[in-house]
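All remarks here apply to the structure that follows.
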There are 4 protein chains.
Amino acid sequence: MNTATSSAAPGQHVPRGRIDKRQAILDAAFTVFARHGFALACVQEIATEAGVAKPTVYNHLHDKETLFRHAMEAAANRAMAENLAVVDQLTDHGADVRAALDEVGYQLLQRHCDDRSWALRRLLNAEVNRFPDLIDIAHATGANRITQALADRVARLTLAGHLAATEPVEAAEQFLALLTGPMESRARLGTRPVPDRELRAVARAAVRTFLRAYGEGRA
Amino acid sequence: MNTATSSAAPGQHVPRGRIDKRQAILDAAFTVFARHGFALACVQEIATEAGVAKPTVYNHLHDKETLFRHAMEAAANRAMAENLAVVDQLTDHGADVRAALDEVGYQLLQRHCDDRSWALRRLLNAEVNRFPDLIDIAHATGANRITQALADRVARLTLAGHLAATEPVEAAEQFLALLTGPMESRARLGTRPVPDRELRAVARAAVRTFLRAYGEGRA
Amino acid sequence: MNTATSSAAPGQHVPRGRIDKRQAILDAAFTVFARHGFALACVQEIATEAGVAKPTVYNHLHDKETLFRHAMEAAANRAMAENLAVVDQLTDHGADVRAALDEVGYQLLQRHCDDRSWALRRLLNAEVNRFPDLIDIAHATGANRITQALADRVARLTLAGHLAATEPVEAAEQFLALLTGPMESRARLGTRPVPDRELRAVARAAVRTFLRAYGEGRA
Amino acid sequence: MNTATSSAAPGQHVPRGRIDKRQAILDAAFTVFARHGFALACVQEIATEAGVAKPTVYNHLHDKETLFRHAMEAAANRAMAENLAVVDQLTDHGADVRAALDEVGYQLLQRHCDDRSWALRRLLNAEVNRFPDLIDIAHATGANRITQALADRVARLTLAGHLAATEPVEAAEQFLALLTGPMESRARLGTRPVPDRELRAVARAAVRTFLRAYGEGRA
DNA sequence: GATGAATGAGAGTTCATTCAT
DNA sequence: TATGAATGAACTCTCATTCAT
C-alpha cells in the first residue's frame, strides 16, 4: 500500500522499501504500545498506524512479543544515545563548573521528560514481569551506562581540581537522582508537561546541592 | 497464600460469607493485578484467589475498573500510612541528627523496596493512561504527603539548629530523591531483592550528601 | 418494603398485603415484559418495579416462566373482558344499525389500540415458540370469544331484519378484520399513537363496507 | 438444512470461503432468530448453522444487532418482492374479475401463511422496542407498498368498469384486511399449518364481501 | 512479499436461581 | 415471610495468529 515510501538510489538494487517498512512497523508499534500498554495494544492498530496489513507485521516480526521487544530496544537505544550525547558535553574546557552542570542537568532533564522517554520507562515498568530481560537491555545499556559516562566526567573534573568527589560513581548516581527524582511526582508520571522554567529550576537546585556536597571546597 | 481471609473465632458458626469478603476480594485483586497487570489479570483468577465465585466479585465491586481502582487506593493508602509512620519518628529528641536520618532513610528505603510498593508503582506507571485520576490519589495523597511531612521535620530540625535548610520542601524532596533515585536500577524495577546491607549503604550515602548540603555548618 | 399498601379492614385478620403484593408483582411483570420482552426482562427489574426484593418474586411465582404465564393470563383476561363489554352494547334496541356499529367499532378499535393491548399481542407473537399454550388461552378465550359474541349479535340483528348475514360467524370475523386489519401498519405495531379521529374514520369505513355486504338490502 | 450454502461448480477448487459466506450467514441468522427470538438466539448457533466460525460472523456483520437488521431486511425484501409479483398478476385481461381476485387473494394468503412470513412478522412484533426503525423498513417498503400496488390495480379495474371503488387505497386496505385478518387466530400466529382448502375458503369469502361492497353494480 | 478472510481461545459481564438469616 | 448475598451457566465480543491467494 505504501510502496513509494522509500527513496532508493536509482540504478542500485537495494530493497530499501523492505527496511523502511520494518522501521515504520517498529515506530508504529512503540507508539501504540505506549498508548495502550502491551496487552491492550492490538496488532491491527499497529498495522494500521504503520500503513500495512496485519500479516505483514507478522512477516517482519514473528509475533507480538518479538514486536514489543524490538520496538522497546530501538526506543531504549535511541534514548541512551541522546543521553550519552548530552553527558559528552561535560568536558572541563569551561572553567565554570556550575554553569556546565546546570546546562547538562537541564538537558538531561529535557530528555528525561520527553514523551517517548516517559513512555519507555512506563512500559518497562509495566511489563517487567512478562519481559524481565528487557530490564537488562534498558538498564545495563541504558541507565547504568549513563551513570558510568557521567562518573567518568566527574572523575575528570575531580582530577582537574574542580570537584572533590572521592567516589565518582556514587556521585554520578546521586547527581542523576537529584535531577530525576523530583520529576516523578512533578510530571505526574509523564502525564503533565513540565514547563522549561521548572526543569531549569530543578536542575539548578540539584546542582546546588551537588556542589555543596561535592564542590571543590569539600574533601 | 491468603492466610488472613477470615479470622472468625473458632467454634463459632461462620456465615456463608459476608463480613470480610470484600476485603479478601480487594487483597486478591491487588495480588493478581500486581502479577499480570490490569489487562491480563482476569477476574476469574481474582475470584479464585479470594475464594469466592466470579459474580460475587461483581456484586461487591461493580466493574473490573472499579475493582482496580479500589484495590489501588487501598494499597496506596496503606503504603502512605506506613511511610508517614516512619517519617513521624524523625523528632529532634535525639541529638544525633545523622543517626536519626540514617535510620529514617533506611526504613523509608525498606518500605520503598517492599514488593507491594514496587507493584503499586508498577501498576501506577502501567495504567496511567487508562486511569489518569489514580495519579492524583497516589501522588497527591501519597508521595507529596510524605514530602510535606518530611519537610515539616526538616523545618523543625532547622529551627532547633540541627540543620541549615532554608527551603524545607526542596530539602525534603532532594532527601527522598537521594534515597530512592538510586534504587530504580539497583533493584531492577523491583525484580531483584536488594539486601539490607545495600539499603543501609544507600541510605548512609544519601544522608552524607544531604548533610554536606544541609548540615548545620552550612547556611 | 411497601407494607402500607393495603387497606385491610380493621379488626379483621385477612392477609390482604399478601394478595396486594402478588398483584403488584404481576402488574410490574407485565409492564417489564412489555418493555423488554421475555428474555431481556430481568427479574430484578420486575422486583424493583413492584417494590419488593427479588426472592419475594420467587416466593410468589415460582420462576420466570410461571411469572410470565400468570402476567399474560391476567392481561389477556382483562383485555377480553373489556372487549366483551363493548360487544354487549350492540343490542337492537336502537333502530339505527349503522350508528350502533360505528360506535361499537370505534370502541373496539380503542381497546385494540390501547398500549397494553398492543403489548399483549406483541408478547404473544414474540414468545409463541416458547409458550405455545398461551395462544390457546389468549385466542380461545380471547379473540374467538369476541368473534362468537359478535356473531351472536349479528345473528340477532339478522333475525330482527336489520342485517342480511347468512353466516354470522364469518360476518363477525370479517367485521373485526375490517376494523383491526388496517391498524397494523397505521399504528406501526403500536409504536405510533393513533389519533381518535383516525380511529373513527377506520371504523366508519369498516362499517360502510360491512353494511354494503351485509346490509338489509342484500340477501 | 442449508442446502443452498454453496453452489460452486463441481470439480472446481472451492476457496476456503469467501463468496457466499455472507449470504449463508444471513440465511442462518434469520432461521435462528426465527427459532429463538433476538435475545435468546446465540451467535454461536448462527455460526454453526451457517457452517462458519463465530468470529467470521463478526467479521462480516459487525454486531448481533447489525446481523439482525440485515437478516430482517433481506427477509422483508424477499417477502415484499413475492407479494408484489402476486399483485402484478391482477391485470384486467381476464374479464372474470371474481376469478382473478380469488386467485390473487389465495396466492397472497399463501405468501402470508408461509413459515418465513410468520417468522418475519413475529420478529418484527417482538423486537419493535429494540429496533423501532425496522418497522419503517418492513412497513413502508413492505405492507404499504403492497397496499399501493394493489390500489393501482383496483383503480385500473375501476376505470375499466369492473369495479366501483371510489377510493382505491381504502378498498385495497380493506381487501387485504379481509384476507389476512381472519388468519391471525386461524393459524394460531403461525403455529398451526393452515390447509390450502381453508386458504381458498377465506380468500373466496373475502372476495365475496369485497365484491358486494365494491362490485360493478355499486356506485 | 503482501493481503483478505477465517478461526480457536478466552475474557468481561449478566442473570435466574438458591442459601441462610 | 422477606431479604441480602452468593453462585453456575451462558453469551457477546475481541484478538493473536494462520491459510491461501
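Each chain gets a letter, A, B and so on, in the order the sequences are listed, and its residues count up from 1.
- In this structure, CG in B:Leu40 is found 8.5 Å from CG in A:Leu40, a value given to the nearest 0.5 Å.
- Under the 4.0 Å criterion applied to side-chain N and carboxylate O atoms, C:Arg69 and C:Glu65 are assigned as salt-bridge partners.
- A:Ala41 comes within 4.0 angstrom of sugar-phosphate atoms only, judged by non-hydrogen atoms across all strands, and of no base.
- Closest-nucleotide positions on DNA chain F for A:Leu40 and D:Gln44 were compared, and the one nearer the 5' end corresponds to D:Gln44.
- Rounding to whole angstrom units, NE2 of residue C:His36 and C1' of E:dC15 are separated by 14 Å.
- Pairing for E:dT7 is with F:dA16, a Watson-Crick or G-U wobble pair whose two hydrogen-bonding atom distances lie under 3.5 Å.
- The CD atom of C:Glu45 sits 13 Å away from the C1' atom of E:dT14 (whole-angstrom rounding).
- Checked against F:dC15, E:dT13, F:dA16, the side chain of B:Asp63 finds its nearest nucleotide in E:dT13.
- One side chain, A:Asp63 or A:Thr66, offers a donor N or O that lies under 3.5 Å from an acceptor on the other.
- Listed pair D:Thr56 / E:dA5 fails the phosphate criterion, with no side-chain N or O lying under 4.0 Å from OP1 or OP2.
- If you take NZ of D:Lys64 and C1' of E:dT13, they are 14 Å apart, rounded to a whole angstrom.
- The nucleotide E:dT21 finds its pairing partner in F:dA2, both defining distances of the Watson-Crick or G-U wobble pair being shorter than 3.5 Å.
- Atom NE2 of D:His62 is surrounded by 12 or fewer heavy atoms from other residues, nucleotides or ligands within 6.0 Å.
- For the pair C:Phe38 and D:Val52, both in contact range of DNA chain E, the more 5′-proximal nearest nucleotide belongs to D:Val52.
- With distances taken from any side-chain atom of C:Cys42 to the nucleotides E:dC15, F:dC13, E:dT7, the minimum falls on E:dC15.
- Closest-nucleotide positions on DNA chain E for B:His62 and A:Pro55 were compared, and the one nearer the 5' end corresponds to A:Pro55.
- Mapping B:Val57 and D:Val43 onto DNA chain F by nearest heavy atom places B:Val57 at the nucleotide closer to the 5' end.
- Atom CD1 of B:Ile25 and atom P of F:dA5 are 12 Å apart (whole Å).
- Comparing E:dT13, E:dA6, F:dT12 by their nearest atom to the side chain of B:Lys54 picks out E:dT13.
- Atom P of nucleotide F:dC13 and atom CD1 of D:Ile46 are separated by 11 Å, given to the nearest angstrom.
- Using bins of under 30°, 30° to 60° and over 60° for the plane-to-plane angle, the ring pair A:Phe131/A:Phe68 lands in the tilted bin.
- Side chain to side chain, B:Asn77 and B:Glu73 fail the donor-acceptor criterion of an N or O pair below 3.5 Å.
- Applying the 3.5 Å distance criterion, the base of E:dA6 shares a donor-acceptor pair with the side chain of D:Asn59.
- Nearest nucleotide to the side chain of B:Tyr58, out of E:dT18, F:dC19, E:dT14: E:dT14.
- At whole-Å resolution of the value, CG in A:Leu67 and C1' in F:dA16 are 12 Å apart.
- C:Leu61 has its CG atom 14 Å from the P atom of E:dA16, to the nearest Å.
- Residue D:His60 places at least one side-chain N or O closer than 4.0 Å to OP1 or OP2 of E:dA6.
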